[in-house]
**Q** 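I have a structure here, written as structure tokens, and I will follow up with some questions on it.
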Protein chains: 2
Amino acid sequence: MIELEAPQLDAVFHALGDATRRRMLRDLAKSERTVGQLAEPFAMSLAAASKHVKALENAGLIRREVRGRAHICRLAPGPLASAHEWLNFYARFWTDRLDALEGLLLTEDTRRSDACKGDDS
Amino acid sequence: MIELEAPQLDAVFHALGDATRRRMLRDLAKSERTVGQLAEPFAMSLAAASKHVKALENAGLIRREVRGRAHICRLAPGPLASAHEWLNFYARFWTDRLDALEGLLLTEDTRRSDACKGDDS
DNA sequence: GGGAATGTCAACCAATTGGTTGAATGACTG
DNA sequence: CAGTCATTCAACCAATTGGTTGACATTCCC
């Protein structure tokens with residue numbers, strides 16, 4: 001699917017690792033916003049907010065359309081899906097583990113558990 | 001479900017925003033590892049790797065069992081699932097949008113769209 | 001007990017981050 | 001054209017990050 005290389009994943013997760021930027025994404029999920037509108041909920045300078053927007057854009061999480069003097073931002077699908085998929089690997093890891101555990105409990109509940117061995121290397 | 005508050009999400013995504021730590025998680029997905037084993041693939045001091053491990057632990061992404069002098073690390077399920085769910089919100093955003101777009105294309109394909117403005121630069 | 005193995009801690013350092021301010025750029029408006 | 005609006009840029013600053021090294025603590029082993 002949409003594959004991200006390591007540096008891109010770095011940028012995506014780094015961008016997500018800040019409440020300000022996550023809030024901006026949440027606002028963008030409602031509808032498109034200008035940089036000024038994105039900045040408005042925060043008690044920080046426009047320049048600071050602009051840097052956050054740039055971080056999001058840099059990570060590919062949003063794209064920007066410059067229309068006149070306003071910069072209109074929208075969510076971009078790719079990287080979020082990628083991060084989602086990346087995490088999905090670990091989600092799968094856990095569902096596998098839990099399934100295996102459940103299986104073990106079902107098949108082993110009458111036997112002694114001395115046959116427990118490593119399942120992978 | 002497993003809900004993370006903002007500071008915890010900060011820690012989780014911050015932890016994921018580093019290739020070293022993601023590699024450690026990948027190794028831990030194979031099997032449990034000691035701190036030394038986690039550090040081994042990297043050209044950095046053990047102390048540095050230990051800090052990365054602590055960041056992962058701090059984010060709740062792994063848990064550690066101190067057995068004798070060895071610290072054995074394992075993946076922890078909760079926060080990864082939470083981050084996954086968080087991202088799922090945006091995945092849903094996009095599937096919704098794409099579905100809506102598909103719907104639009106189906107219903108609008110016979111009508112003229114005179115709202116064509118010069119928007120691309 | 002002595003020594004190697006496994007990790008952490010503390011101090012330190014360079015680079016990055018997140019914020020500020022003030023000036024500059026570009027685009028609308030009167 | 002002058003002024004304001006939307007935004008970025010550059011310089012700067014404090015705090016954090018990611019790395020180093022050397023000095024601990026514990027634990028295992030002979």
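Basis for what follows: all heavy atoms, side chains included, without hydrogens, waters or symmetry-related copies.
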**Q** When we call it a touch if two heavy atoms are under 4.0 Å apart, what does A:Thr20 touch: a base, just sugar-phosphate, or nothing?
**A** nothing
**Q** C:dG18, OP1 or OP2 - any side-chain N/O from A:Arg21 closer than 4.0 Å?
**A**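 Yes, A:Arg21 has a side-chain N/O under 4.0 Å of OP1/OP2 on C:dG18.
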**Q** Would a distance-only check, ignoring hydrogens and angles, find a side-chain to backbone donor-acceptor pair under 3.5 Å from A:Arg74 to A:Glu32?
**A** no
**Q** Determine all donor-acceptor pairs shorter than 3.5 Å in which one atom belongs to a side chain in residues 42-51 of chain A; sequence neighbours excluded.
**A**
{"from": "A:Ser45", "atom 1": "OG", "to": "A:Ala48", "atom 2": "N", "distance (Å)": "3.1"}

**Q** A:Arg21 side chain to A:Ala15 main-chain N or O, any donor-acceptor pair under 3.5 Å?
**A**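 Side chain of A:Arg21 to backbone of A:Ala15: a pair is present.
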**Q** Find the distance between CG (B:Leu25) and CG (B:Leu61) and round it off to the nearest 0.5 Å.
**A** 6.0 Å
**Q** Could you tell me how far apart B:Leu38 (CG) and C:dT6 (P) are, to the nearest whole angstrom?
**A**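 After rounding, the reported distance stands at 14 Å.
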**Q** From CD of A:Glu65 over to P of D:dT7, roughly how many Å is that when rounded to an integer?
**A** 12 Å
**Q** Between A:Val35 and B:Gly17, which has a closest nucleotide on DNA chain D that is more 5'?
**A** A:Val35
**Q** Within the side chain of B:Arg22, is there an N or O that forms a donor-acceptor pair under 3.5 Å with the backbone of B:Leu16?
**A**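 Yes; judged by distance alone, with no hydrogens or angles, the pair exists.
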**Q** Starting from C1' on D:dT7, measure out to CD1 on A:Ile72 and report it in whole angstrom.
**A** 13 Å
**Q** Between P on C:dA15 and CG on A:Asp10, what's the gap in Å once rounded to a whole number?
**A**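 The answer, rounded to whole Å, is 19 Å.
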**Q** Over how many whole Å does the gap from A:Arg69 atom CZ to D:dA6 atom P extend?
**A** 6 Å
**Q** With a 4.0 Å cutoff (strictly under), does any side-chain N or O of A:His14 reach OP1 or OP2 of C:dG18?
**A** yes
**Q** Which nucleotide in the list C:dG7, C:dA4, D:dG18 gets nearest to the side chain of B:Asp18?
**A** D:dG18
**Q** Taking A:Gln8 for the side chain and A:Ala59 for the main chain, is one N or O donor matched with an acceptor at less than 3.5 Å?
**A** yes
**Q** Hey, what do you get for CD1 (A:Ile72) to CD (A:Gln37), rounding to the nearest 0.5 Å?
**A** 8.5 Å
**Q** In whole Å, what is the span from the NZ atom of A:Lys54 to the P atom of C:dT17?
**A**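 It works out to 12 Å between those atoms.
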**Q** Going by number, which of residues 44-53 of chain A have a non-hydrogen atom under 4.0 Å from DNA chain C?
**A**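 Result for residues 44-53 of chain A: A:Met44, A:Ser45, A:Ala47, A:Ala48, A:Lys51, A:His52, sorted by number.
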